[in-house]
Participant: 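Have a look at this one before I ask anything.
Counting convention: from 1, in listed order, for ligands and their atoms alike. Position 1 is the first residue of the sequence; numbering continues from there.
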Amino acid sequence: MSKVDLVVSGGTVVRPDSAAQGDVVVVGERIVDVAAPGRAPSATRVIDASGKIVLPGGIDAHTHFLIGFMRQRSVYDFYSGSIAALRGGTTTFVDFALQRRGRTMLDGLKHRRAQADRQVVCDYGLHLIATDINPRSLAELPALITAGVSSFKVYMVYEKEQLKVDDGPLLELMRHAARHEMLVGLHAENPSILDHQTAACLAAGQTAPRYHALSHPPIAEREAIARALMFAEEAGAIVHIFHMSIGAGVDLIAAARARGVRAYAETCTHYLALQDDEYERADGALYVMSPPLRRPADRERLWAGLRDGVIATVTSDDASYSAEAKREQESSFDAVPNGVPGVEARLPLLYTLGVAAGKLSLVQLAEVFSAAPARLFGLAPHKGAIAQGADADLVIIDPERRIRLSAASHYGPIGYTPYDGIEVSGLPVVTIRRGEVLVENGNFLGREGSGHYLHRQLLASLLPADGGPAR
Ligand code: URP
Ligand code: ZN
């Protein structure tokens with residue numbers, strides 16, 4: 001072979017079935033080979049990865065960059081969010097396009113692409129947040145598919161924010177999505193339980209952050225997941241539970257699969273790393289997200305679900321409201337903007353709490369970090385694996401380097417991280433997107449607007465037809 005563009009040499013290369021020493025060979029934007037150590041052709045650039053681990057670039061299937069929510073705006077836009085993602089070893093994300101009520105889905109997609117395309121540095125896709133299900137919007141599904149959208153997010157809550165979709169329209173959307181093999185993902189909580197408990201807390205003067213957790217009890221999530229799975233079974237739809245926080249959810253997904261439902265779920269880094277006693281802290285408002293942090297037993301059940309393949313992937317659900325914005329509203333839990341930042345911390349936390357703690361193998365890490373979301377959200381085979389012909393999206397991590405996470409260790413002026421004080425290893429030292437080194441030792445080297453919008457495929461060809469795991 002004549003001279004190639006890039007060789008990542010001597011690292012432990014994590015492929016779909018193995019983690020072994022090898023040399024990743026890159027020509028242009030693609031991986032052309034994984035050679036035995038020392039057997040790669042000569043290259044214009046060689047990155048020495050000895051003593052390091054080479055993973056497929058991460059896919060974070062749930063980010064909220066450039067978002068306005070509960071009267072606050074995220075710190076990250078698509079440019080700064082991309083930089084944070086790349087520093088954390090994530091080369092692709094799937095964010096959201098919002099259909100506003102009274103408007104079309106395609107309008108929402110067009111608007112979001114105009115925002116993202118000029119800024120984005122990662123490659124990216126968009127889930128469509130459906131808020132207005134009617135004959136006109138349902139007729140848009142083929143056009144959405146043509147525009148590269150293979151998945152919806154539906155909120156079963158948040159009426160005040162004009163996001164909530166009721167059961168009737170949700171079931172109807174599922175029936176239509178099923179016909180087109182599109183996935184319907186849910187923010188699954190029961191709004192009546194949330195509203196009732198919130199009102200009761202506020203009436204009793206219970207406004208501290210701990211009441212956020214108490215007014216979003218596990219039963220509210222459990223009931224909504226069960227309902228969504230039942231609807232999916234009835235409609236024959238592919239269903240996905242976003243940001244699943246409860247251990248009981250794992251059992252519900254497993255049981256639905258056993259009935260043949262094509263049911264999938266993600267959990268988030270914060271549910272795997274943190275627990276509900278954070279709400280007792282003086283700065284407990286910083287930990288307000290929905291669903292809220294849960295008990296240690298839930299956390300352990302989520303880890304087991306991840307290991308067993310019931311939970312397909314771990315996302316950050318990055319929602320980067322600043323510490324200042326969260327604190328401004330801390331006098332009443334229901335006014336605190338929901339969500340926490342985390343896109344940059346996802347990999348070191350998964351490595352440290354998963355691999356180094358003996359809960360996940362390196363191959364399982366690559367699955368939940370990249371391969372499974374690639375399949376589930378229609379990005380495979382170009383994304384998600386170190387394989388011949390795939391995009392050269394790679395992250396090299398150092399299993400030996402340790403740091404303590406803090407606001408200062410993260411990109412941008414957010415002013416806090418929910419993972420403050422956690423010591424991690426497995427930090428990304430080099431992140432490569434389509435053959436281009438974009439981050440080296442934390443320094444961003446890329447160009448605004450150089451990311452690609454990804455036309456995501458329909459799911460039928462990527463997922464097992466029997467409701468089996470996405471991996
Ligand atoms: O609290 C959360 N999860 N905020 C972000 C919005 C959402 O529901 O994903
Ligand atoms: Zn949500």
Participant: Between D317 and Y271, is there a side-chain donor-acceptor contact under 3.5 Å, judged purely by atom types and distance?
Facilitator: no
Participant: To check your reading of the site, what angle at the Zn ion (ligand 2) do NE2 of H243 and NZ of K153 form, to 10°?
Facilitator: 110°
Participant: Strictly under 4.0 Å, does any heavy atom of F69 approach an atom of ligand 1?
Facilitator: no
Participant: Kindly say whether the aromatic ring centers of H187 and Y155 come within a distance under 6.0 Å.
Facilitator: yes
Participant: Examine the proximity of ligand 1 to Y155 and report which part, side chain or backbone, both or neither, has a heavy atom under 4.0 Å away.
Facilitator: side chain
Participant: Counting each atom of ligand 1 from 1 as listed, which ones have a heavy atom of M289 under 4.0 Å away?
Facilitator: 1 (O)
Participant: Restricting to N, O or S atoms, which atom of H187 is closest to the Zn ion (ligand 2)?
Facilitator: ND1
Participant: Quick one about S316 and D60 (side-chain donor to acceptor, distance below 3.5 Å, no hydrogens or angles considered), yes or no?
Facilitator: yes
Participant: Could you see which bit of H270 sits under 4.0 Å from ligand 1, with heavy atoms only: side chain, backbone, both or neither?
Facilitator: neither
Participant: Kindly indicate whether a cation-pi arrangement holds for K153 with F242, taking the cut-offs as under 6.0 Å to the six-membered ring centre and within 45° of the axis.
Facilitator: yes
Participant: Among all protein non-hydrogen atoms, which one is nearest to atom 3 (N) of ligand 1, and what is the separation to 0.1 Å?
Facilitator: D317 OD2, 2.6 Å
Participant: Salt bridge or not for D132 and R101, using N-O below 4.0 Å?
Facilitator: no
